Number of protein chains: 2
Amino acid sequence: MLTIFARCKVHYDGRAKSELGSGDRVIIVKPDGSFLIHQSKKREPVNWQPPGSRVRLELRENPVLVSIRRKPKETLEVELEEVYMVSVFRAEDYEELTLTGSEAEMAELIFENPEVIEPGFKPLFREKTIKSGIVDILGRDSNGNIVVLELKRRRAELHAVRQLKSYVEILKEEYGDKVRGILVAPSLTSGAKRLLEKEGLEFRKLEPPKKKGKTKGKQKTLF
Amino acid sequence: MLTIFARCKVHYDGRAKSELGSGDRVIIVKPDGSFLIHQSKKREPVNWQPPGSRVRLELRENPVLVSIRRKPKETLEVELEEVYMVSVFRAEDYEELTLTGSEAEMAELIFENPEVIEPGFKPLFREKTIKSGIVDILGRDSNGNIVVLELKRRRAELHAVRQLKSYVEILKEEYGDKVRGILVAPSLTSGAKRLLEKEGLEFRKLEPPKKKGKTKGKQKTLF
DNA sequence: GATTCGATATCGAAT
DNA sequence: ATTCGATGTCGAATC
C-alpha cells in the first residue's frame, strides 16, 4: 500500500465528473488498484477509484497520479503540488472479517425456528426468484396460504414495504388471494407502518441475532 | 489526521458485531472522529467509525485504540500488536468538491427544457411529498394528465420501477386514471423493462448532463 | 431526531 | 457480463 500526504488538486471524469481545488489530503493506493483520497472530514473519500483500476505517475509541470478504470471508463487525476510524505507499506494480512447480526442470520434463525414468525409457519425457499425480483423467504402458513417474508436487519423503511408489496402482487397473479406478506424487522418507520397497513400487509418484530462464536466470512481452514 | 501502520486485531460491537484476526492494516483517525481501518484490498474500510465518534488510547497488555459512538452505541477496539509507523498530518484544506452529472442536474434540465420529456410537458413540483414517499418531479401533460417522473442518473433497475409504480398508485387513488408514470434514465435493465411494461408505465431515455463550469457543492465565497 | 432517498454508491451472489 | 438486493451502508435535505 502506497500512502502519500500531499497538497493536491483532483480531477475526475467517468460516471460523473468532479473537480477539487488545492488542499492537503491523504492519498492511498492499494495493490488491487483501489485508490482513495481523504480530506480531514467524513468517513467517505472525497474522490476514489474502485479495485481493478490501473495507476501511473506522469511527470508534467507537477507530478500527476493518473488512475484509469475501463468499463466504465473513468479517469482520476491527482495533481501533486507539494508532497509532504510518501510511504510504502508491505501489509501482510491473511485474515477476513467475521460478522454477525446480518439479514442472512435472521433468515437462518427463521429456518431453524419458524415459530418466531408464527405457529405452524413452514419456510420453503430462500432468495427465491419470481417474475420480477427475489423474495427473501417464501413459505406456507397453517391455513395453506403462501407467505412472503421480507427481512430487514434494521428499522424498516418505505423501501422495504414497496419490495414486499411488489412480491405479494406478483404472487397473487399466480396464486390468487391466498398470499400473505409479512415484513420482518426490529421496527418500522411511521411511513412504512402507514403503507403496510393500507396494503393489508403484516409485521413481525424480530431482531437480527448476534451469535457468540463468529459467523459469516469464510472461516480460515486449519491447513 | 493520524495515520498508523500496524499489525492489529479489531473488535466491533454495535449495530452488528465483528471480529478481525491479526494482520497488517492502515489506520486513519480524522479530527472529526471518523475512524478507518483499511486492508490491502477493496475501496471500503474493513472496519470504521463515522464522524462524531470519540477515540482514546488504552494501555492494556497491548495498546488499544478505542473509538466510541453514542446513538447508536457502537464500540470499535483496535488492539495494536506491532506498530510500524505513526504519523500526524496537519492537513489544511478549504476546498469542497464540485460535481456534475447528478440526478439533481437531470431535474434542473427537465425544468429548463421540459420538451426533453415530451412536447407540452409542464413540470410543476420537485421532490413533492405525497401520502407515502417523495416524487422526483410532478407535472402535467398536454392532455391534462398528471405525470409522475422518477429520475435515475444511471441504468434504472427494478427498484426504480417499484418506486414509480408506488407513486402512481397513490396518486391514482386521489386523481383517478389520469395519472401517468414515466421512468427517466439513460437505460433500463431487462427486469425493469418487463415490470415497467406490465404496469403500463413509460420510459424516456435521458443522460445526466455534465456541465462545463463546475456545478454542485457549495461554491467558495470570496470572503 | 425521524424519515426519505441519492450515490461516481460498493460488494457479493446468482444467472 | 448483467441483474438484483444488502450494507454496521453514508450523507444530505426535509419535516
Side-chain angles (χ1 to χ4, degrees), chain A residues 12-18 34 41-51 53 69 71-76 97 99-104 106-107 127-130 132-136 150-160 162-163 187-194 208 210 216-217, chain B residues 12-18 34 41-51 69 71-76 97 99-104 106-107 126-130 132-136 150-160 162-163 187-194 208 210 216-217:
Chain A
Y12 156 73
D13 196 356
R15 288 167 291 176
K17 190 174 194 292
S18 74
S34 305
K41 291 176 182 171
K42 302 289 176 192
R43 201 211 77 143
E44 291 301 301
V46 62
N47 283 107
W48 71 90
Q49 205 70 288
S53 311
R69 175 194 195 187
K71 243 234 155 196
K73 183 80 190 316
E74 297 197 286
T75 304
L76 182 66
L97 193 75
L99 184 130
T100 182
S102 64
E103 184 190 293
M106 292 178 73
E127 298 289 334
K128 173 74 177 164
T129 297
I130 60 172
S132 283
I134 304 168
V135 168
D136 277 341
E150 174 59 35
L151 313 184
K152 288 294 169 223
R153 65 168 306 285
R154 59 174 197 177
R155 190 171 177 82
E157 302 180 9
L158 269 180
H159 171 71
R162 281 188 211 119
Q163 269 184 65
S187 64
L188 276 179
T189 65
S190 50
K193 186 161 186 283
R194 188 186 320 124
K210 281 188 193 174
K216 207 192 107 186
Chain B
Y12 155 75
D13 197 357
R15 287 167 292 175
K17 190 173 193 293
S18 75
S34 304
K41 291 176 181 171
K42 303 290 176 191
R43 201 211 77 142
E44 290 300 303
V46 62
N47 282 109
W48 69 91
Q49 207 69 290
R69 174 193 195 188
K71 250 260 153 170
K73 182 79 191 310
E74 296 198 288
T75 304
L76 183 66
L97 193 75
L99 185 133
T100 182
S102 63
E103 183 190 293
M106 291 178 75
R126 167 88 177 117
E127 298 290 337
K128 174 73 177 167
T129 298
I130 60 173
S132 285
I134 304 169
V135 167
D136 277 341
E150 174 59 35
L151 314 183
K152 288 295 169 219
R153 67 167 305 287
R154 61 174 194 175
R155 189 171 177 83
E157 303 179 8
L158 269 182
H159 171 71
R162 282 189 210 119
Q163 267 185 65
S187 65
L188 277 179
T189 65
S190 51
K193 185 162 186 285
R194 188 186 321 123
K210 282 188 193 175
K216 205 193 108 187

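These numbers come from a predicted model, not from an experiment. Labels below follow one simple rule: chain letters A, B, ... track the order of the sequence lines, proteins then strands, and each chain is numbered from 1.
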Looking for any heavy atom pair under 4.0 Å, which part of the strands does [X] touch: base, sugar-phosphate only, or nothing?
X	value
A:Glu150	sugar-phosphate
B:Thr129	nothing
A:Gly191	sugar-phosphate
A:Pro51	sugar-phosphate
B:Ser18	nothing

>> Going by side chain to side chain contact (heavy atoms under 4.5 Å, CB included), name the residues that satisfy it together with A:Pro208, two or more places apart in sequence or in a different chain.
In response: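 A:Pro208 satisfies side chain to side chain contact (heavy atoms under 4.5 Å, CB included) with A:Met106, A:Arg153, A:Pro186 only.
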> Residues in side chain to side chain contact (heavy atoms under 4.5 Å, CB included) with B:Lys71, at least two apart?
Replying inline: none
>> What I'd like to find out is whether the side chain of A:Leu188 reaches to under 4.5 Å of the side chain of A:Arg155, using heavy atoms alone.
In response: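 Not in contact.
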> So, do A:Arg194 and B:Ser132 sit near enough that their side-chain heavy atoms are less than 4.5 Å apart?
Replying inline: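 A side-chain contact exists here, since the closest heavy-atom pair is under 4.5 Å.
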Would you kindly give the [atom1]-to-[atom2] distance between [X] and [N], to the nearest whole Å?
X	N	atom1	atom2	result
B:Arg154	D:dC4	CZ	C1'	11 Å
B:Tyr12	D:dT9	OH	C1'	11 Å
A:Leu99	C:dC11	CG	C1'	13 Å
A:Ile134	D:dT3	CD1	P	13 Å
A:Glu103	D:dA6	CD	P	5 Å
B:His159	D:dT7	NE2	P	15 Å
B:Gln163	D:dC4	CD	C1'	15 Å
B:Arg162	C:dC5	CZ	P	14 Å

>> Need to verify one output field. Residue with the more 5' nearest nucleotide on DNA chain C, A:Ser34 or B:Asp136?
In response: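 The residue whose closest nucleotide sits nearer the 5' end is B:Asp136.
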> On DNA chain C, nearest-nucleotide positions of A:Arg155 versus A:Lys17: which is more 5'?
Replying inline: A:Arg155
Using only side-chain N and O atoms of [X], determine if any of them is under 4.0 Å from OP1 or OP2 of [N].
X	N	answer
A:Ser102	D:dA6	no
A:Arg153	D:dA6	no
B:Thr189	D:dT3	no
A:Trp48	C:dT10	yes
A:Lys152	D:dA6	yes

> Can you tell me how far P in D:dG8 sits from the matching atom in D:dC4, rounded to whole Å?
Replying inline: 23 Å
> Can you tell me how far P in C:dT8 sits from the matching atom in C:dT4, rounded to whole Å?
Replying inline: 23 Å
> Of A:Lys71 and A:Glu127, whose closest DNA chain D nucleotide lies nearer the 5' terminus?
Replying inline: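 Counting from the 5' end, the first nearest nucleotide belongs to A:Lys71.
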>> Go nucleotide by nucleotide along DNA chain D from the 5' end; which of B:Leu76 and A:Glu44 gets its closest nucleotide reached first?
In response: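 Mapping each residue to its closest nucleotide by heavy atoms, the 5'-most match is B:Leu76.
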>> Under a 3.5 Å distance rule, please check whether A:Lys210 uses its side chain to pair with a backbone N or O of B:Gly14 as donor and acceptor.
In response: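 Checked: pair present.
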>> Checking contacts here: which listed nucleotide (D:dG8, C:dA9, C:dT4) is nearest the side-chain heavy atoms of A:Arg15?
In response: C:dA9
>> Tell me every residue that passes salt bridge (Lys or Arg N to Asp or Glu O under 4.0 Å) with B:Arg154, counting only those two or more places apart in sequence or in another chain.
In response: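 B:Arg154 satisfies salt bridge (Lys or Arg N to Asp or Glu O under 4.0 Å) with no other residue.
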> In what stems does DNA chain C take part, counting only runs of at least 3 consecutive Watson-Crick or G-U pairs whose two distances fall under 3.5 Å?
Replying inline: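 Stem segments, range with range: C:1-7 with D:9-15, C:9-15 with D:1-7.
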>> Which residues pass the side-chain hydrogen bond (donor to acceptor under 3.5 Å, both in side chains) test with B:Lys128, not counting sequence neighbours?
In response: none
> For B:Arg69, what residues pass the side-chain hydrogen bond (donor to acceptor under 3.5 Å, both in side chains) criterion, not counting sequence neighbours?
Replying inline: B:Glu74
>> Within this structure, what is the CZ-OG distance for the pair A:Arg15 and B:Ser102, rounded to the nearest 0.5 Å?
In response: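 These two atoms lie 14.0 Å from each other.
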>> I'd like to know if B:Glu74 reaches the base of D:dG8 with its side chain, counting only an N/O donor and acceptor under 3.5 Å.
In response: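 Under the 3.5 Å cut-off, the side chain and the base do form a donor-acceptor pair.
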> Donor-acceptor pair under 3.5 Å: do we get one between A:Asp13's side chain and the base of C:dT8?
Replying inline: no
